[in-house]
Protein chains: 2
Amino acid sequence: MTYESALAALSDPMRRTILERVAATPRSVGEIAQDLPISRPAVSQHLKVLKEAELVREERVGTRRIYHADSAALGELRAYVDHMWRTALGAFSDAVAEENQKK
Amino acid sequence: MTYESALAALSDPMRRTILERVAATPRSVGEIAQDLPISRPAVSQHLKVLKEAELVREERVGTRRIYHADSAALGELRAYVDHMWRTALGAFSDAVAEENQKK
DNA sequence: CAGATTCGTAAGTCATGGCTTACGTTAGCC
DNA sequence: GGCTAACGTAAGCCATGACTTACGAATCTG
């Protein structure tokens with residue numbers, strides 16, 4: 001169940017913008033921190049969470065580390081949300097049917 | 001951007017199980033609390049968050065309140081995750097293409 | 001109307017989490 | 001071998017959030 005850690009990781013707005021930018025184009029930690037109002041260590045900590053949730057993977061090149069978006073965890077999260085969405089829809093149509101039954 | 005509050009709401013495991021059960025079959029607050037290891041007021045507080053995120057809606061009947069899953073916010077969340085998933089996939093295929101370009 | 005149900009809210013406690021600065025580590029460069 | 005650049009990690013601070021118990025409000029019931 002990796003969608004759980006993905007969900008927890010994506011609940012933080014700063015982490016979402018980091019993932020969104022990294023998903024658009026892979027960047028180094030310094031490049032990410034440059035555009036954000038937080039310190040570079042803070043970015044490192046966020047990247048650690050994203051990495052543990054398998055939303056991101058790192059590629060070491062020299063002393064720098066380029067972070068890429070990882071689609072695997074996003075795929076699982078997508079499946080979970082999609083499933084929840086469908087059951088919610090189903091429960092709704094069931095309720096409507098039950099409502100019509102009464103009339 | 002209601003997917004943000006939905007994401008924050010779903011980051012809590014207890015809130016996820018509440019939503020999952022309510023999505024399966026609508027229940028009252030007491031019925032929900034009965035199956036969970038937390039107090040009834042705690043369930044009320046979770047339902048408040050879920051309600052503000054529009055993941056759930058309440059139907060008052062007598063002194064009881066039946067909670068249903070609301071598919072609207074889940075739909076938006078679904079769209080967001082789907083979008084992120086696709087861009088992550090695209091960035092990956094771009095990286096592969098770029099890699100092949102070098103060879 | 002009085003009591004009982006069902007629930008939301010207030011207040012307080014305790015753990016978690018996001019941020020900072022300080023420091024240690026690793027890899028390129030002269 | 002030093003110096004610098006680019007990181008990760010440790011420690012500490014402070015706000016947030018997930019609980020609890022206590023209480024009040026609304027509705028049904030006899």
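Within every chain, numbering begins at 1; the chains are lettered A, B, ... in the order of the sequence lines, protein sequences first and strands thereafter.
- Nearer to the 5' terminus of DNA chain C, by closest-nucleotide assignment, is the contact made by Lys48(B) (compared with the other of Lys48(B) and Ser11(A)).
- Shortest non-hydrogen contact noted between Tyr67(A) and Val29(A) is CE1-CG2, 3.5 Å.
- Of the inter-residue distances, the one linking Leu55(A) atom CG with His68(A) atom NE2 reads 15.0 Å to the nearest 0.5 angstrom.
- Each of Arg15(A) and Pro41(A) was assigned the nucleotide of DNA chain C with the nearest heavy atom; the assignment lying further toward the 5' end belongs to Arg15(A).
- Evaluation of the side-chain hydrogen bond (donor to acceptor under 3.5 Å, both in side chains) rule for Arg78(A) yields Asp82(B) as partners, not counting sequence neighbours.
- Contacts between chain B and DNA chain D, taken as any atom within less than 4.0 angstrom of a protein heavy atom, begin and end at dA18(D) to dC28(D).
- Judged as a side-chain hydrogen bond (donor to acceptor under 3.5 Å, both in side chains), and not counting sequence neighbours, Arg64(A) has no contacts.
- Grouping Ile, Leu, Val, Met, Phe, Trp and Tyr residues whose side-chain heavy atoms lie under 4.5 Å apart, directly or via other members, places Val61(A) in a hydrophobic cluster with Ile66(A).
- Residue pairs meeting the side chain to side chain donor-acceptor pair (under 3.5 Å) criterion with at least one member in residues 3-15 of chain B, sequence neighbours excluded, are Arg15(B)-His46(B).
- Less than 4.0 Å separates DNA chain C from at least one heavy atom of each of the following residues of residues 59-67 of chain B: Thr63(B), Arg64(B), Arg65(B), Tyr67(B).
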Extract all donor-acceptor atom pairs below 3.5 Å that involve side chains of residues 35-45 of chain A and protein atoms in other chains or at least two apart in sequence.
unit_1, atom_1, unit_2, atom_2, d
Ser39(A), OG, Ala42(A), N, 3.4

Which atom pairs, one a donor and one an acceptor, fall under 3.5 Å between side chains of residues 16-23 of chain B and the rest of the protein, sequence neighbours left out?
unit_1, atom_1, unit_2, atom_2, d
Arg16(B), NH1, Leu10(B), O, 2.8
Thr17(B), OG1, Met14(B), O, 3.0
Glu20(B), OE2, Tyr80(A), OH, 2.7

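- For Gln34(B), the side-chain hydrogen bond (donor to acceptor under 3.5 Å, both in side chains) test picks out no residue, with sequence neighbours left out.
- On the nucleic acid side, DNA chain C contacts chain A at distances under 4.0 Å to non-hydrogen atoms, with the end points of that region at dG18(C) to dG28(C).
- Applying the side-chain hydrogen bond (donor to acceptor under 3.5 Å, both in side chains) criterion to Lys51(A), with sequence neighbours excluded, gives Glu58(A).
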